[in-house]
2 protein chains.
Amino acid sequence: MPDQVPTFQHSWIGDQSLSGELTDKQWKILKAALTVFTEKGYSASTTSEIARVAGVAEGTIFRHFKTKKEILLATLIPLMQNFIGPGATNSLHDLLLENDNLPMEEVLLLILEDRQKHIAALWPLLRIVLLEANYHPELKDVLLNNVVRKVQKSFLVFLEQRQRKGELRDDLDVWKLMCSIFGGFVTYLVSCTLFPEREQGKNNRQELKVIVELFLRGAQKQT
Amino acid sequence: MPDQVPTFQHSWIGDQSLSGELTDKQWKILKAALTVFTEKGYSASTTSEIARVAGVAEGTIFRHFKTKKEILLATLIPLMQNFIGPGATNSLHDLLLENDNLPMEEVLLLILEDRQKHIAALWPLLRIVLLEANYHPELKDVLLNNVVRKVQKSFLVFLEQRQRKGELRDDLDVWKLMCSIFGGFVTYLVSCTLFPEREQGKNNRQELKVIVELFLRGAQKQT
DNA sequence: TCAAAAACGGAGTGATTACTCATTTAGGAA
DNA sequence: TTCCTAAATGAGTAATCACTCCGTTTTTGA
């Protein structure tokens with residue numbers, strides 16, 4: 001059997017994303033684990049394959065991690081805490097600071113375009129996190145508290161500011177407004193991957209503009 | 001080890017949902033398989049546990065199904081074709097026929113309430129279907145063609161009718177309108193399960209009304 | 001009523017699993 | 001060079017996996 005070449009390169013992972021103090025071997029193991037888990041899911045992955053991909057002996061793996069599950073957690077939890085979470089909020093935060101004076105419509109478009117690129121780049125990682133969070137409560141906790149809640153908070157603050165400026169209706173909960181734009185956006189992303197034929201040849205920015213406009217017509221203060 | 005009592009009872013499955021011609025044993029096996037897969041996922045489930053839950057010998061399983069994967073497909077594919085798919089479209093179809101004369105807002109509210117109940121009742125089944133579709137293309141195909149596309153079509157027809165009546169804007173694709181209401185609705189459902197504390201004590205119907213109103217303000221023809 | 005056929009049971013198969021452990025290797029200090 | 005220690009190794013282990021085989025029981029049909 002020939003060696004399989006991993007189809008998914010984790011080029012976006014910096015050394016600091018997994019943990020501060022990692023030996024060369026630990027680093028190789030976690031990177032290999034991420035590759036294998038990403039391709040087959042946790043249950044269908046084997047420690048022997050992780051060892052093979054990492055280029056170390058199987059015994060070495062269990063010198064650094066007590067169990068297979070510990071490998072999963074040691075891989076995904078630091079990535080959520082140090083990479084996915086900060087990556088999601090920092091970029092959003094900067095974007096909001098820099099464009100505070102722009103009209104709502106343009107800021108939202110910038111945000112959605114930025115998020116779309118970000119999600120696309122991280123998709124293999126996000127996919128395995130979302131899937132495995134269903135079976136491992138430890139992952140679900142970290143996902144909720146270090147990613148979901150933080151992104152929510154940043155975005156809610158932004159919407160509340162705009163609400164105070166009078167650019168958004170104040171007769172209903174900002175949460176509902178967030179659900180509306182978030183839902184429309186995610187549904188568009190899903191629709192792009194499930195039905196690529198539908199979105200082919202269309203201008204992505206134009207499509208995002210429609211989503212923003214549809215949201216704002218519902219969410220803006222009545223003139 | 002004491003026998004485990006399945007925590008998820010598939011009381012909603014009718015005999016005809018899985019297949020027309022099933023022996024008693026086959027029926028027991030598929031029901032047990034569904035229970036076990038639902039709890040642990042496909043990869044982490046074992047044929048010996050399925051046999052135990054079904055109350056048959058492990059050999060009996062492989063008399064009826066060649067492989068473990070065949071059990072998965074024989075369980076989920078008929079359920080999608082005969083139960084999830086029809087259940088989703090029939091109810092929608094009836095509801096639209098009966099309330100053709102009602103204003104858009106009320107019909108949408110009825111639809112969302114109906115869908116919410118339906119999804120809640122089927123959730124354990126839908127969950128395993130959505131999760132395993134990520135790893136088994138055969139499931140993904142059936143899910144797309146026998147569930148997603150059919151629901152879409154029914155709903156698109158409804159929206160197009162209302163568009164022709166002048167109740168919805170005709171300056172943009174109905175698809176976008178569908179994405180908008182669908183996204184807002186699904187996001188609300190997800191938010192209810194992820195953050196139950198947020199929705200506790202609130203009137204569900206009232207919350208759905210807000211979603212509908214938010215959508216319609218964006219999607220209705222400007223007066 | 002009875003023989004042929006089909007269904008069933010459960011011990012058993014080799015392969016594979018997560019994980020262990022005695023041994024080897026590597027690298028720095030004396 | 002010669003230790004010493006910690007890291008790395010890979011053959012090995014018991015358990016478990018999906019799946020088979022064959023004797024027994026049940027069903028079928030005439």
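Letters A, B, ... mirror the listed sequences (proteins, then strands); counts begin at 1.
Because its NZ or CZ atom is not both nearer than 6.0 Å to the ring centre of Phe158(A) and within 45° of the ring axis, Lys153(A) does not count as a cation-pi partner of that residue.
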Between the protein and nucleotides 14-17 of chain C, list the N/O to N/O atom pairs that are separated by less than 3.5 angstrom.
none

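Of the inter-residue distances, the one linking Leu92(A) atom CG with Leu110(A) atom CG reads 11.5 Å to the nearest 0.5 angstrom.
In the region residues 59-67 of chain B, proximity to DNA chain C at under 4.0 angstrom, judged on heavy atoms, holds for Gly59(B), Thr60(B), Arg63(B), His64(B).
Straight-line distance from the CD1 atom of Ile29(A) to the C1' atom of dC19(C): 14 Å, rounded to whole Å. The distance between atom CD of Glu70(A) and atom P of dA18(C), rounded to the nearest whole Å, is 15 Å.
The residues Arg52(B) and Glu58(B) are annotated as not salt-bridged, no charged nitrogen and carboxylate oxygen being separated by less than 4.0 angstrom. For the pair Glu207(B) and Lys176(A), the salt-bridge criterion is met [side-chain N within less than 4.0 Å of a carboxylate O].
Closest heavy-atom contact between Ala33(B) and Thr75(B): CB-OG1, 4.0 Å.
Contact footprint of chain B on DNA chain D: nucleotides with an atom under 4.0 Å from a non-hydrogen protein atom, first to last in 5' to 3' order, dC17(D) to dC22(D).
Ring centers of Trp175(A) and Phe155(A): at least 6.0 Å apart, outside the cut-off.
For Arg127(B), the side chain to side chain contact (heavy atoms under 4.5 Å, CB included) partners at least two apart in sequence or on another chain are Asn134(A), Tyr135(A), Trp123(B), Leu131(B). The ring pair (Phe, Tyr, Trp, His ring centres under 6.0 Å) check on Tyr188(A) picks up nothing, with sequence neighbours excluded. With sequence neighbours excluded, no residue satisfies salt bridge (Lys or Arg N to Asp or Glu O under 4.0 Å) with Glu70(A).
In terms of modelled atom types and a separation under 3.5 Å, the side chain of Ser91(A) and the main chain of Gly87(A) share no donor-acceptor contact.
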